[in-house]
Amino acid sequence: MASVADDLKRVPLFSGLSERQRRKLARLFRERGVTPGTAVVQEGLMGGVSFFVVAEGTAAVTTGGKEVAQLGPGDHFGELALITNRERSATVTAQTPMRCLEIRFWDFRDFAHDNPDVMWKLLQHVVELLSSTDWDEPRSAAAS
């Protein structure tokens, strides 16, 4: 099984980190096993405080009951929870057994404070996510 730092290497948001930064960030994530059929996050629910990286397995992303994307290893979701505490914009449901990496916003905030290049990449990604209106294309981070 890959280390958490290795799993993070596959995530574009963290691809620019040095090995040292990636190992430091990896210590802040916790691993979470998810069984098929389990909703990791649910559309419309408040209190989203975590960001997730899919390390193993697959998930379906739905909004309004319609599937809008598929997620697999290296994909991520929940990045808006790293910035604001608002309703989840989609439901992410495990289709196969999954191993997810989860980080809470307060842990990420401390890391980002010491690594502003990560915060800049997150800002660019969120702007792209919010300005995108094409839900027909599968993409990472569909369930922020």
Side-chain angles (χ1 to χ4, degrees), residues 1-64 67-133 135 137-144:
M1 182 184 328
S3 71
V4 173
D6 289 338
D7 289 329
L8 295 179
K9 198 181 295 187
R10 295 187 295 187
V11 179
L13 190 59
F14 305 128
S15 63
L17 295 178
S18 69
E19 189 63 32
R20 182 175 167 263
Q21 288 174 311
R22 203 170 13 260
R23 283 193 311 267
K24 183 177 179 183
L25 180 60
R27 288 192 295 269
L28 301 176
F29 277 86
R30 68 182 182 125
E31 292 190 52
R32 179 174 168 190
V34 184
T35 57
T38 301
V40 182
V41 298
Q42 291 186 305
E43 180 179 11
L45 292 184
M46 291 296 293
V49 297
S50 295
F51 167 77
F52 299 87
V53 172
V54 179
E56 297 173 1
T58 60
V61 180
T62 57
T63 58
E67 185 172 313
V68 294
Q70 290 279 317
L71 302 177
D75 289 332
H76 53 85
F77 57 96
E79 52 274 80
L80 291 182
L82 296 177
I83 299 170
T84 182
N85 184 19
R86 57 181 274 185
E87 289 182 0
R88 294 290 187 172
S89 61
T91 297
V92 176
T93 305
Q95 294 180 307
T96 65
M98 289 177 58
R99 182 172 62 90
C100 289
L101 308 176
E102 177 181 12
I103 188 169
R104 298 190 185 270
F105 82 87
W106 50 84
D107 293 325
F108 182 81
R109 181 181 53 209
D110 292 342
F111 178 82
H113 183 269
D114 295 334
N115 299 275
D117 50 325
V118 173
M119 201 58 178
W120 182 250
K121 279 186 96 169
L122 175 63
L123 178 61
Q124 290 175 315
H125 176 75
V126 168
V127 167
E128 181 181 312
L129 178 67
L130 293 176
S131 64
S132 172
T133 58
W135 283 96
E137 289 295 316
R139 60 194 169 107
S140 301
S144 295

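Because the structure is a prediction, the values reported are computed rather than measured.
Once rounded to the nearest 0.5 Å, the distance linking NZ of K24 with CG of D114 reads 4.5 Å. Note that CG of L101 and CG of L28 are 12.0 Å apart. Values are rounded to the nearest 0.5 Å.
Residues A60 and Q95 come closest through the heavy atom pair CB-NE2, 3.7 Å. Listed here is the closest heavy atom pair of V41 and A90: CG2-O, 3.8 Å. Q42 approaches R88 most closely through the heavy-atom pair O-CB, 3.2 Å. Summarising the geometry of G74 relative to P12, their closest heavy-atom pair is O-CD, 4.4 Å, with the distance given to 0.1 Å. Of all the heavy atoms in S89 and T63, the pair that sits closest is O-CG2, 3.3 Å. When every heavy atom of E102 is checked against every heavy atom of S50, the shortest pair comes out as OE2-OG, 2.7 Å.
When atom types are taken as modelled, the side chain of D110 and the backbone of D107 share no donor-acceptor pair closer than 3.5 angstrom. Distance alone, capped at 3.5 Å, places no donor-acceptor pair between the E31 side chain and the R99 backbone. Side-chain N or O atoms of T96 include one that pairs as donor or acceptor with a backbone N or O of T58 at under 3.5 Å. Although no hydrogens or angles enter the test, the distance criterion places a donor-acceptor pair under 3.5 Å between the side chain of R10 and the main chain of A55.
Ring orientation note: the planes of F14 and F108 are tilted relative to one another, at an angle of 30° to 60°. Between H76 and F51, the ring-plane angle classifies as tilted under the 30° and 60° cut-offs.
Proximity of V4 to V53: side-chain heavy atoms (C-beta onward) are nowhere separated by under 4.5 Å. F111 is listed as a side-chain neighbour of L17, based on a closest heavy-atom distance under 4.5 Å. Under the 4.5 Å side-chain criterion, counting only non-hydrogen atoms from C-beta, W106 is in contact with V49. Residues L8 and F29 form a side-chain contact, since some pair of their non-hydrogen atoms from C-beta on lies under 4.5 Å apart.
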